[in-house]
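One-based numbering, in listed order, for ligands and for the atoms of each. Since this is a predicted model, take the numbers as computed values, not measurements.
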Amino acid sequence: MTLAQQFAAAFCAPPTVIARAPGRVNLIGEHTDYNDGFVLPCAISVESRIAARPRGDGMIRVMACDFGGAVAEWPLDVPYAADPAQPWADYVRGMTAAMTQRGHALTGADIAVSGTIPKGAGLSSSASLMVGIGTALAALADLAIPPAEIARMAQAGECDHVGMRCGIMDQLASAAGAEDHALMIDCRSLDVQPVALPQSAEILIVHSGVARGLVDGAYNERRAQCEAAAAAMGVAALRDADMAMLDAAALDPLTHARARHVVTENARVLAAAEALAAGDLVEMGKLMAASHQSMRDDFQITVPKVDALVAELQALIGAEGGARMTGGGFGGAVVALCRADRADAVLSALTYRKPDGTPPLVLRETACAGAGLVMQ
Ligand code: GLA
């Protein structure tokens with residue numbers, strides 16, 4: 001059944017809008033976004049789809065097609081409250097709460113949600129759900145909300161309500177993606193510069209099969225360490241620090257290492273945007289390798305299975321391209337960039353197996369446009 005058919009079966013009327021919001025893969029720039037730094041993600045073809053129809057009674061009633069048709073409902077005018085029985089709905093609650101708090105007059109709605117983004121892969125299924133909900137609800141209420149504002153509200157919904165103190169990268173990549181381009185995002189100004197992906201390159205995503213479960217605590221701890229380092233140096237954010245300042249500051253070794261990751265990663269993103277624009281896959285490969293090493297040794301957010309998968313991909317890809325873990329860390333997917341004419345050979349030679357001994361999920365991706373309506 002299509003999403004529209006599932007919607008009609010559940011709510012006895014067809015949807016009036018269907019929105020889509022892509023997942024994202026980050027090519028480089030990890031844990032830099034909440035430090036006001038730089039990231040280089042692209043929106044990808046796996047996505048969330050949201051079908052919706054207005055209701056006159058101010059209720060939100062949402063059905064999760066991918067969770068056996070489970071339904072959650074709440075009135076728009078009550079403050080956010082998590083529902084431990086249906087954690088998937090917290091992201092929708094967070095988004096409606098954030099939109100209402102920003103003063104957007106929403107209408108009640110029946111909503112059906114489905115998606116193709118693998119869960120626990122670090123490919124932003126939650127951000128895409130929230131951006132998709134925002135896009136659909138804006139259309140229902142006839143509100144013209146710019147992509148960056150949808151992204152900000154999705155981030156606020158996740159930080160302030162759901163409780164993961166994330167940055168803006170995932171939401172902005174989903175909202176503002178550009179076909180065939182990565183996005184060079186300045187997470188302080190929210191300036192977004194599209195960078196054309198070289199036609200000679202292909203993006204491969206390999207899911208390690210190590211699910212990123214219950215990692216919000218570790219994520220928030222890393223963020224707190226970065227904030228402590230910035231405060232100790234007297235700067236607003238680690239974006240404003242360089243290695244000389246860091247070495248001069250009297251930081252404990254752990255905090256120093258965390259900050260070193262962010263300071264060096266910001267520099268790598270700037271270099272990667274140039275290398276990508278120049279079609280220089282060799283330089284991209286070096287930068288991706290250095291990024292992974294920094295995540296492994298300084299920021300300590302990788303796990304041994306992911307390190308092994310990255311090492312195998314790097315060896316198979318060779319000098320023209322590279323591989324690194326993508327996303328928040330502690331499992332999830334690896335992103336690789338390789339010569340398009342080598343991709344088949346790389347994938348058929350890959351021997352990596354998930355913890356359960358089976359072959360990993362592989363996505364061969366292209367960069368896609370950001371969120372929008374597919375039906376209205
Ligand atoms: C998660 C967060 C992002 C970002 C990445 C790490 O995906 O949602 O804001 O911090 O981790 O780069």
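Residue, atom and distance of the protein heavy atom nearest to atom 3 (C) of ligand 1 are D33 OD2, 3.3 Å. At the top of the distance list for atom 10 (O) of ligand 1, counting protein heavy atoms only, stands Y219 OH, 2.5 Å. Of the protein's heavy atoms, D170 OD2, 2.7 Å lies nearest to atom 8 (O) of ligand 1. Of the protein's heavy atoms, M169 CE, 3.8 Å lies nearest to atom 5 (C) of ligand 1.
Residue contact check for ligand 1: M295 places no non-hydrogen atom closer than 4.0 Å to it.
The side-chain contact (heavy atoms from CB on, under 4.5 Å) test with I301 singles out one residue from R296, H261, R258, R222, and that residue is R222.
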In a table with atom names and distances, give each donor-acceptor pair under 3.5 Å that connects a side chain of residues 128-141 to protein atoms at least two apart or in another chain.
unit_1, atom_1, unit_2, atom_2, d
S128, OG, A21, O, 3.3
S128, OG, S48, OG, 2.5
T135, OG1, V131, O, 2.7

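Distances between N or O atoms of Y34 and those of ligand 1 include no value under 3.5 Å. Considering backbone and side-chain N/O atoms, S124 never comes within less than 3.5 Å of an N/O atom of ligand 1. The shortest N or O to N or O distance between N26 and ligand 1 is not below 3.5 Å. Taking distance alone, with nitrogen or oxygen atoms compared against 3.5 Å, M164 stays at or beyond that limit from ligand 1. Between T32 and ligand 1, a contact under 3.5 Å exists for no N or O pair.
The side-chain hydrogen bond (donor to acceptor under 3.5 Å, both in side chains) contacts involving residues 174-183 comprise nothing, where partners must be two or more places apart or lie in separate chains.
The nearest pair of heavy atoms linking T100 to L106 is OG1-CD1, 4.1 Å.
Atom CD of E274 sits in a sparse spot, with 12 or fewer heavy atoms from other residues, nucleotides or ligands closer than 6.0 Å. Residue-environment remark: NZ (K354) exceeds the threshold of 12 foreign heavy atoms within 6.0 Å.
Of the N and O atoms on the side chains of H256 and D247, at least one donor lies less than 3.5 Å from an acceptor on the other residue. With no hydrogens or angles considered, no side-chain donor-acceptor pair links E30 and S291 at under 3.5 Å. Defined by atom type and a distance below 3.5 Å, a donor-acceptor pair is missing between the side-chain atoms of R324 and Q314.
Each of the following atoms of ligand 1 lies closer than 4.0 Å to a heavy atom of R24: 7 (O). Under a 4.0 Å criterion applied to the non-hydrogen atoms of G167, ligand 1 contributes the atoms 9 (O). For ligand 1, the atoms lying closer than 4.0 Å to a non-hydrogen atom of C166 are 2 (C), 8 (O), 9 (O).
If you look at E265 next to ligand 1, there are no close heavy atoms at all, none under 4.0 Å.
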